[in-house]
Amino acid sequence: QVQLVESGGGLVQDGGSLRISCTASGRSLSGYAMAWFRQAPGKEREFVAGFSRTGGYQYYGDSVKGRFTISRGNDKNTLYLQMNALKPEDTAVYYCTAGARVITSSLRSRTAYDFWGQGTQVTVSA
């Protein structure tokens, strides 16, 4: 079983930056797709950024492209999200997720993933 633990969330002002992290344990996630999703109150969980199983490409949601950067530790069990130029509409709980059978065309679908963390709250004040 894989456990995912997010950290680094908090309160930041409009235009500020924050980096959140995800640490995985239980097995090596080499060969797994990993991604960040977020969910704001009253909204569906949406794709933010992710790596394919090969790790060769990064994918981003349209609303964060150019502002957020996803990266992965050399051990493949750590995932980061650097968030710059934050806006109040980025306020949400951010979730880390991993999947062993995620194909590229399903990378943005929350149902494609096997394991989820508990989430970390990111709040951007106006």
Side-chain angles (χ1 to χ4, degrees):
Q1 190 71 3
V2 173
Q3 293 81 41
L4 302 173
V5 178
E6 302 94 339
S7 62
L11 175 65
V12 63
Q13 289 187 335
D14 189 358
S17 297
L18 198 64
R19 189 176 86 151
I20 57 177
S21 303
C22 170
T23 301
S25 60
R27 70 176 66 160
S28 171
L29 296 190
S30 177
Y32 278 62
M34 292 191 75
W36 290 99
F37 282 71
R38 69 184 182 186
Q39 188 165 19
K43 295 188 176 182
E44 290 191 355
R45 194 169 296 189
E46 67 169 346
F47 174 81
V48 175
F51 279 104
S52 64
R53 284 187 295 159
T54 62
Y57 295 96
Q58 303 164 18
Y59 299 84
Y60 294 93
D62 289 341
S63 62
V64 306
K65 205 172 294 183
R67 300 188 297 124
F68 291 9
T69 303
I70 189 172
S71 60
R72 199 164 174 177
N74 289 335
D75 62 359
K76 306 303 182 186
N77 274 36
T78 309
L79 191 69
Y80 304 99
L81 186 67
Q82 176 67 43
M83 302 180 288
N84 297 328
L86 281 160
K87 306 174 183 180
E89 50 264 44
D90 294 317
T91 295
V93 177
Y94 284 70
Y95 296 92
C96 173
T97 185
R101 296 171 298 277
V102 180
I103 58 176
T104 302
S105 60
S106 299
L107 202 70
R108 292 175 171 80
S109 171
R110 63 184 184 273
T111 61
Y113 295 86
D114 304 309
F115 306 104
W116 291 85
Q118 293 299 308
T120 186
Q121 176 70 46
V122 173
T123 303
V124 184
S125 62

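Values below: all heavy atoms of this structure, side chains included; hydrogens, waters and symmetry mates excluded. In what follows, residues are counted from 1 in the order of the sequence shown.
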Undergrad: Would you say that Tyr80 contacts Arg19 through its side chain, given a criterion of any heavy-atom pair below 4.5 Å between the two side chains?
TA: yes

Undergrad: Under a plain distance cut-off of 3.5 Å, with no hydrogens placed, do Thr111 and Ser109 share a side-chain donor-acceptor pair?
TA: yes

Undergrad: Do Ser71 and Gln82 touch side chain to side chain, with heavy atoms closer than 4.5 Å?
TA: no

Undergrad: Considering non-hydrogen atoms only, spot the tightest contact between Ala92 and Ala40 and give its length.
TA: CB-N, 3.8 Å

Undergrad: Can you get from Val64 to Ile20 by hopping between Ile, Leu, Val, Met, Phe, Trp and Tyr side chains that sit under 4.5 Å apart?
TA: yes

Undergrad: Scan side-chain atoms only and decide if Glu89 and Thr91 contain a donor-acceptor pair under the 3.5 Å cut-off.
TA: no

Undergrad: Do Leu81 and Thr69 make a side-chain contact, defined as non-hydrogen atoms from C-beta onward lying under 4.5 Å apart?
TA: no

Undergrad: State, yes or no, whether a side-chain contact exists between Glu44 and Arg110 at a heavy-atom distance under 4.5 Å.
TA: yes

Undergrad: With a 6.0 Å cut-off (strictly less than), is the heavy-atom count around CZ of Arg27, excluding the residue itself, greater than 12?
TA: yes

Undergrad: Starting from Tyr57, can I reach Met34 by hopping between I/L/V/M/F/W/Y residues whose side chains sit under 4.5 Å apart?
TA: no

Undergrad: Could you state the interatomic distance from OG1 (Thr97) to CZ (Phe115), rounded to the nearest 0.5 Å?
TA: 9.0 Å

Undergrad: Can you see which heavy atom on Ser106 is nearest to which on Ala112, and at what distance?
TA: O-CB, 3.6 Å

Undergrad: Can you confirm whether Tyr32 sits close enough to Phe51 that some side-chain heavy atom of one is under 4.5 Å from a side-chain heavy atom of the other?
TA: no

Undergrad: Keeping Asn84 on the side-chain end and Gly16 on the backbone end, is there a donor-acceptor pair under 3.5 Å?
TA: no

Undergrad: Tell me, do Ser125 and Leu11 make a side-chain contact under 4.5 Å, heavy atoms counted?
TA: yes

Undergrad: Counting only heavy atoms from other residues, nucleotides and ligands, does the tally under 6.0 Å from CD of Gln58 exceed 12?
TA: yes

Undergrad: Is there a side chain to side chain contact (heavy atoms under 4.5 Å, CB included) between Asp90 and Val122? Walk through the geometry before answering.
TA: CA-CA 8 Å; Asp90 294 317; Val122 173; 5.7 Å; no

Undergrad: Roughly how far, to the nearest 0.5 Å, is OH of Tyr59 from OG1 of Thr104?
TA: 4.5 Å

Undergrad: Among Trp36, Tyr95, Phe37, which residue satisfies the ring pair (Phe, Tyr, Trp, His ring centres under 6.0 Å) criterion with Tyr113?
TA: Phe37

Undergrad: Are Val102 and Ile70 connected in the hydrophobic side-chain network, where two residues link if heavy atoms are under 4.5 Å apart?
TA: no

Undergrad: Can a donor-acceptor pair be found between the side chains of Ser63 and Arg38 at a distance below 3.5 Å?
TA: yes

Undergrad: Give the C-alpha distance, both sets of side-chain angles, the deciding distance and a yes or no for side chain to side chain contact (heavy atoms under 4.5 Å, CB included) between Val48 and Tyr60.
TA: CA-CA 6 Å; Val48 175; Tyr60 294 93; over 6 Å; no

Undergrad: When you compare the side chain of Leu86 with that of Phe68, does any pair of heavy atoms fall below 4.5 Å?
TA: yes

Undergrad: Of all heavy-atom pairs between Arg53 and Ile103, which one has the smallest distance, and what is that distance?
TA: NH2-CG2, 4.5 Å

Undergrad: Heavy-atom distance under 4.5 Å between the side chains of Trp116 and Leu4, does that happen here?
TA: no

Undergrad: To the nearest 0.5 angstrom, please state how far the OG1 atom of Thr23 sits from the CG atom of Asn77.
TA: 8.5 Å

Undergrad: Under a 3.5 Å distance rule, please check whether Arg67 uses its side chain to pair with a backbone N or O of Ala85 as donor and acceptor.
TA: yes

Undergrad: Quick check: are there more than 12 heavy atoms from other residues, nucleotides or ligands sitting under 6.0 Å from CD of Gln3?
TA: yes

Undergrad: Where the side chain of Glu6 meets the backbone of Gly119, is there a donor-acceptor pair that is under 3.5 Å apart?
TA: yes

Undergrad: Drop me the distance from Ser30's OG to Asn74's CG, to the nearest 0.5 angstrom.
TA: 11.5 Å

Undergrad: List the steps, then state whether side chain to side chain contact (heavy atoms under 4.5 Å, CB included) holds for Val93 with Thr120.
TA: CA-CA 5 Å; Val93 177; Thr120 186; 6.0 Å; no

Undergrad: From Leu107 CG over to Ser52 OG, what is the distance, rounded to the nearest 0.5 angstrom?
TA: 7.0 Å

Undergrad: Kindly compute the distance separating CE (Met83) from CG (Leu18), expressed to the nearest 0.5 Å.
TA: 4.5 Å

Undergrad: With a 4.0 Å cut-off on N to O distance, would you call Lys65 and Asp62 a salt bridge?
TA: yes

